[in-house]
Amino acid sequence: MKLTALLSILALVLFGASAHAGDVGFRELSIPNGTDKPLVVGIWYPTKAKPHPAPLGQFVQDVATDAPVAGSRLPLIVMSHGTTGWYGEHVDTALALAHAGFVVAAVSHTGDTYDDPSRVMRIQDRPGQLRRLTDFMLAAWPDHLRIDPARIGVFGFSAGGFTALVDIGGQPDLSLVRPHCATHPTAFECGLTTKAGAAAPTALPSRADFSGDPRIRAAVVAAPALGFTFGREGLRGVHIPVQLWRPAEDHLLPNPDYAQSVRDNLPRAPEYHVVANADHFDFLAPCTDALAKFAPDVCVERPGFDRAAFHVQFDAAVVSFFKRTLR
């Protein structure tokens with residue numbers, strides 16, 4: 001397929017209704033987070049209302065803001081972003097899923113966003129926040145009765161991939177980070193630890209402190225952080241279908257300690273994709289000019305790699321996987 005055709009398809013995914021599915025509604029909400037400050041979430045869903053271009057951070061999405069939800073017994077996908085990201089960083093994937101009939105709810109993790117990195121070292125807090133999002137969507141979201149509680153999936157990228165793995169029953173051993181950094185001092189997580197200094201947490205949770213969410217029936221995990229902390233023991237409780245992605249040229253989380261380690265230790269073989277010539281941030285939505293100015297580092301592409309063309313295939317594969325596994 002020619003590149004121009006691929007980009008035309010991507011335009012439909014990002015900025016317009018697909019030919020085989022309905023339009024997309026969108027809402028931004030704040031939801032309870034225990035005694036902590038509320039979590040900010042974005043929700044995409046099927047609607048019959050007419051969409052209009054609407055800003056979303058450095059993106060523009062074609063959605064019907066606050067429109068009525070269309071359909072019933074809708075599958076739900078909850079999303080977890082990477083370190084210092086935010087709920088909108090996978091907007092194209094969320095739109096593709098919503099066009100295909102899914103409700104998609106993405107959370108901005110408190111203290112681990114681009115505008116507030118104050119708790120970036122507390123990755124152990126993320127799974128609980130994601131569970132609160134699922135709780136809200138199933139019980140407190142005004143349209144919760146339209147969701148089928150038997151069809152729930154999770155999508156996670158980077159630190160969100162770690163979060164998703166815990167959400168589906170993975171139990172990491174975070175005490176493995178220190179010896180890993182002794183032999184890999186330039187690793188991304190080691191740089192975070194060094195930068196945190198005295199602010200780094202001294203008491204780490206054990207494997208037993210992590211518990212999964214049995215409501216989750218399928219997972220898409222892209223370039224997961226801290227993959228080496230799980231091992232066979234930490235992943236033995238994961239039995240649902242997993243679609244696992246690894247960028248072949250990941251400069252941030254290089255092979256084999258992250259995605260490959262997860263692949264090798266899952267008790268049930270995942271649907272495994274290694275993306276040739278791709279780098280870590282290529283799983284984020286294709287950059288706009290505004291985002292390239294705001295965060296140039298996440299918009300760099302390797303010579304010969306086309307993130308926009310890749311996302312046509314990536315989004316289609318994610319939609320297809322969740323359709324198969326959440327029937």
Side-chain angles (χ1 to χ4, degrees), residues 78 80-85 109-112 117 119-132 134 154-216 219-246 250 252-270 272 280:
V78 292
S80 177
H81 62 76
T83 302
T84 64
H109 288 285
T110 296
D112 194 5
R119 303 186 208 174
V120 70
M121 293 299 299
R122 294 193 57 82
I123 196 169
Q124 63 267 31
D125 293 345
R126 286 166 144 263
Q129 295 173 357
L130 194 62
R131 186 186 288 255
R132 291 185 189 100
T134 305
V154 62
F155 174 100
F157 162 70
S158 197
F162 170 93
T163 307
L165 287 168
V166 173
D167 206 35
I168 62 175
Q171 295 182 307
D173 181 357
L174 295 183
S175 70
L176 295 176
V177 174
R178 186 179 294 276
H180 178 79
C181 289
T183 55
H184 302 81
T186 61
F188 175 73
E189 60 273 10
C190 308
L192 289 179
T193 302
T194 301
K195 187 175 181 180
T202 55
L204 295 175
S206 68
R207 285 197 196 275
D209 291 322
F210 291 95
S211 60
D213 187 340
R215 298 170 295 187
I216 306 299
V220 173
V221 177
L226 299 178
F228 64 88
T229 65
F230 290 94
R232 194 168 300 276
E233 172 67 18
L235 293 174
R236 63 188 177 94
V238 178
H239 299 291
I240 65 171
V242 175
Q243 186 184 71
L244 181 63
W245 295 79
R246 175 171 74 83
D250 196 328
L252 206 66
L253 304 178
N255 202 45
D257 293 326
Y258 303 94
Q260 184 66 43
S261 179
V262 171
R263 188 252 189 186
D264 291 344
N265 289 298
L266 281 169
R268 173 177 175 170
Y272 191 42
H280 189 76

Go through it in stages, so that I can follow the logic: the residues are Ile168 and Asp213, the test is side chain to side chain contact (heavy atoms under 4.5 Å, CB included), and I'd like the CA-CA distance, side-chain angles, deciding distance and then a yes or no. CA-CA 6 Å; Ile168 62 175; Asp213 187 340; over 6 Å; no
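- The shortest distance between side-chain heavy atoms of Val221 and Phe155 does not fall below 4.5 Å.
- Contact record, Gly82 with Ser158: CA-CB, 4.1 Å, taken as the closest heavy-atom pair.
- Val166 is listed as a side-chain neighbour of Pro172, based on a closest heavy-atom distance under 4.5 Å.
- Looking at Pro241 and Arg268, their side chains come closer than 4.5 Å, going by heavy atoms from C-beta outward.
- Within 6.0 Å of the CZ atom in Arg207, the count of heavy atoms belonging to other residues, nucleotides or ligands exceeds 12.
- Here the straight-line distance linking atom NE2 of His109 with atom CZ of Arg122 works out to 14.0 Å at 0.5 Å rounding.
- Side chain of Asp264 to main chain of Ser261: no donor-acceptor pair is present (N/O by atom type, distance under 3.5 Å, no hydrogens or angles).
- Side-chain contact between Tyr258 and Glu189: present, with at least one pair of heavy atoms (C-beta onward) separated by less than 4.5 Å.
- Here the CG-CZ distance, from Leu165 to Phe210, works out to 11.5 Å after rounding to the nearest 0.5 Å.
- Side chains of Thr193 and Met121 form a contact here, defined as non-hydrogen atoms less than 4.5 Å apart.
- Proximity of Pro270 to Gln243: side-chain heavy atoms (C-beta onward) are nowhere separated by under 4.5 Å.
- Rounding to the nearest 0.5 Å places CD1 of Ile123 at 5.0 Å from CG of Leu226.
- A 4.5 Å side-chain heavy-atom check between Asp257 and His184 finds at least one atom pair inside the cut-off.
- Distance check, rounded to the nearest 0.5 Å: CD of Gln260 to CG of Leu244 gives 8.5 Å.
- Nearest heavy-atom pair, Ala159 versus Thr83, reported as atom, atom and distance to 0.1 Å: CB-OG1, 3.4 Å.
- In this structure, a donor-acceptor pair under 3.5 Å is present between the side chains of Arg126 and Ser80.
- Of all heavy-atom pairs spanning Leu253 and Ala225, the tightest one is CD1-CA, 3.7 Å.
- Distance check: Asn265 CG to Phe230 CZ gives 10.5 Å after rounding to the nearest 0.5 Å.
- No side-chain donor-acceptor contact under 3.5 Å links His180 to the backbone of Leu176.
- A salt bridge does not link Arg131 with Asp167: none of the charged nitrogens is closer than 4.0 Å to a carboxylate oxygen.
- Counting heavy atoms from C-beta on, the side chains of Thr84 and Asp112 come closer than 4.5 Å.
- Between Phe157 and His81, the ring centre distance reaches or exceeds 6.0 Å.
- For the residue pair Cys190 and Pro185, the shortest heavy atom distance occurs at CB-O, 3.6 Å.
- Considering CD of Gln171 and OG1 of Thr229, their distance stands at 11.5 Å, rounded to 0.5 Å.
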Decide yes or no on side chain to side chain donor-acceptor pair (under 3.5 Å) for Arg119 and Thr110, but give the supporting numbers first. CA-CA 8 Å; Arg119 303 186 208 174; Thr110 296; 5.8 Å; no
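- No side-chain donor-acceptor contact under 3.5 Å links Arg246 to the backbone of Ala223.
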